[in-house]
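Here's the structure, in structure tokens; my notes come after.
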Amino acid sequence: MIYQTMNELMEKAREAEGKTFGEIDNFNRLDNKKSKGGLGQVVEESFFEYAVNSDARPDFDNLGVELKVTPFRKNTNGTLSAKERLVLNIINYMEEVNTEFKTSSFWTKNQKLLLMFYQWVPEVDRKDYQIFKSVLYTFPEADLEIVKQDWDLIIRKIKEGKAHELSEGDTIYLGAASKGSNKTSVRDQPFSRIKAMQRAFSLKQSYMTALVRKYIKNEDLIQFANASELKQKSFKELLEYKFKPFIGMTDKKIADIHGITYNPKSKSFVAIVISALLGIKGTKLGQIEEFSKANIQFKTVRLEPNGKPKESMSFENIDFYQWTSEEWEESYLRERFYDTKFLFVVFQYTETKKENPNRELVFKGIKFWNMPEETVENEIKELWEEVNRLINKNELEIEYVMRGKKLVESNNFPKISFNGVTHIRPKGADGQDKVALPNGNKITKQCYWLNNTYVADIVKDLI
DNA sequence: GCATGATCATGC
DNA sequence: GCATGATCATGC
């Protein structure tokens, strides 16, 4: 069946809304539990009635449209998220370097995407997953500029003979996701003899989440960068450019300039300041389109005059059941650091607290950062393994000791001297704020931290 | 001054 | 009520 016009195709695609895959599947393909591309294939064969292929050409070649069937999920707090990144075509390292963006395999195949969103539900047979929405997606102008920058960066790395060093953390929206059954899925690259892991262009999960929320929930976000700005500067350069005029000013002065009430104790103060510097008034950072689509998390860093934060940087509380039930490769912690980009907003105190309790805080600049893969796979993995070891081998010791007049709970989880990067410390409301361990014992809620010395090292070029 | 444990403040 | 970011307090 050939669809002659875009309208004809989209009319057909919308007929799938509300249907389950079981209702669509004419060939009982879904009875076979394994075939992983199953859901997309069912739509191709049974719904659109064309033969499954792996061409370099888009699925609906005459219209230049590529079909993608992609899942979203409902979170416990009621919001929707993409369940995974959207994997596009495999990167042929040997060929892709000989193209320009407009002639690239990525652009040839994926410039128009027919996205069919279905809801994934845990414990439900995939036959019963339902298609919610069919959308013809073309990249908005500003997004396309960022995608182009990402594509350029991937190509540059291949040209430098570093295809084996590609990582999803390199880019903003368009990633080079590893693809293949395991680490032996490798292929040749043109400027190095080292075999590189097979990778595919992909739209990051955070990007897909923004699309899910836009098309299923009609939630829109607010951009700070427009296409013409992004034609002049890379995303990262633009971000730095927007913050630059304020380097050297106190937090109070920046607030004054932007008409923001100076309230440094408020949890949202720095967030409001950042929004203002990006030209967005009174908005929560969660609604900034670029941050949301690229999964950029901002963190405030307050340095002492000696260039080191007084405190380490805390993260989420640990769910010990989760930590001990996952494999490292799919663990929450690993994904957390692979997928998050950090925007460190760095301030420095001019004096020690002793010298002046009302000391000033001066803005030093921003650091756009993601944790190097090496660090995730070494130090962070070490932490994860040690926690698992202590719990699984029942070697976790929780003691209650008197310290002065106070009874304190102490444990043998990794301390700040563990490996120079990360450690574990309690974080509860008080001594009663406890959480259960897999063996039923209770412990004061714990969270993982990045050491203050490690954070100091990341931002040291700003001071 | 640092390490470690404790707990506060805010916002959803 | 709880998660998160932030900071305090004490002992060595």
Item to check | Tyr137(A) and Tyr215(A) aromatic ring geometry - parallel, tilted or perpendicular at 30°/60° bounds | outcome: perpendicular
Next on the checklist: Is the ring pair Tyr129(A)/Tyr118(A) parallel, tilted or perpendicular, if the boundaries are 30 and 60 degrees?
Outcome noted: parallel
Nearest-angstrom distance from the residue atom [atom1] of [X] to [atom2] of [N]:
X         : N      : atom1 : atom2 : answer
Leu450(A) : dA3(B) : CG    : P     : 15 Å
Lys415(A) : dA6(B) : NZ    : P     : 10 Å
Lys405(A) : dA6(B) : NZ    : P     : 18 Å
Glu399(A) : dG5(B) : CD    : P     : 10 Å
Asp430(A) : dC2(C) : CG    : C1'   : 12 Å
Asn419(A) : dA3(B) : CG    : P     : 14 Å
Asp433(A) : dA3(C) : CG    : P     : 8 Å
Tyr448(A) : dG5(C) : OH    : C1'   : 13 Å

Throw together a table of side-chain donor-acceptor distances under 3.5 angstrom for residues 17-24 of chain A, partners on residues two or more places apart or in other chains.
residue  : atom : partner   : partner atom : Å
Glu17(A) : OE2  : Ser134(A) : N            : 2.9
Lys19(A) : NZ   : Glu15(A)  : O            : 3.0
Thr20(A) : OG1  : Glu23(A)  : N            : 3.2
Glu23(A) : OE1  : Thr20(A)  : N            : 3.1

Checklist entry - When the nearest nucleotide of DNA chain B is assigned to Lys354(A) and to Ile424(A) on a heavy-atom basis, which residue is associated with the more 5' position? => result Lys354(A)
Item to check | First of Gln432(A) and Asn306(A) reached from the 5' end of DNA chain B, by closest nucleotide | outcome: Asn306(A)
Checklist entry - How is Lys427(A) classified with respect to the nucleic acid when contacts are heavy atoms under 4.0 Å: base, sugar-phosphate, or nothing? => result base
Next on the checklist: At 4.0 Å (heavy atoms only), tell me whether Asn77(A) reaches a base, stays on the sugar-phosphate, or touches nothing.
Outcome noted: nothing
Checklist entry - Picking from Trp328(A), Phe337(A), Phe320(A), what satisfies ring pair (Phe, Tyr, Trp, His ring centres under 6.0 Å) with Trp384(A)? => result Trp328(A)
Give a yes/no answer on whether the side chain of [X] brings an N or O atom under 4.0 Å of OP1 or OP2 in [N].
X         : N      : result
Ser410(A) : dT4(B) : no
Lys308(A) : dC2(B) : yes
Gln297(A) : dG5(C) : yes

Show each protein N/O and nucleotides 7-10 of chain C N/O combination with a separation under 3.5 Å, one pair to a line.
residue : atom : partner   : partner atom : Å
dC8(C)  : OP1  : Lys353(A) : NZ           : 2.4
dC8(C)  : OP2  : Lys353(A) : NZ           : 3.4
dC8(C)  : N4   : Glu311(A) : OE1          : 3.1
dC8(C)  : N4   : Glu311(A) : OE2          : 3.1

Checklist entry - Hey, are Thr79(A) and Asn77(A) close enough side-chain-wise for a donor-acceptor pair under 3.5 Å? => result yes
Next on the checklist: Counting C-beta onward and ignoring hydrogens, is there a side-chain heavy-atom pair between Leu462(A) and Leu303(A) closer than 4.5 Å?
Outcome noted: no
Item to check | Worked check of salt bridge (Lys or Arg N to Asp or Glu O under 4.0 Å) between Lys367(A) and Asp461(A) | outcome: CA-CA 9 Å; Lys367(A) 181 84 182 182; Asp461(A) 53 327; 3.1 Å; yes
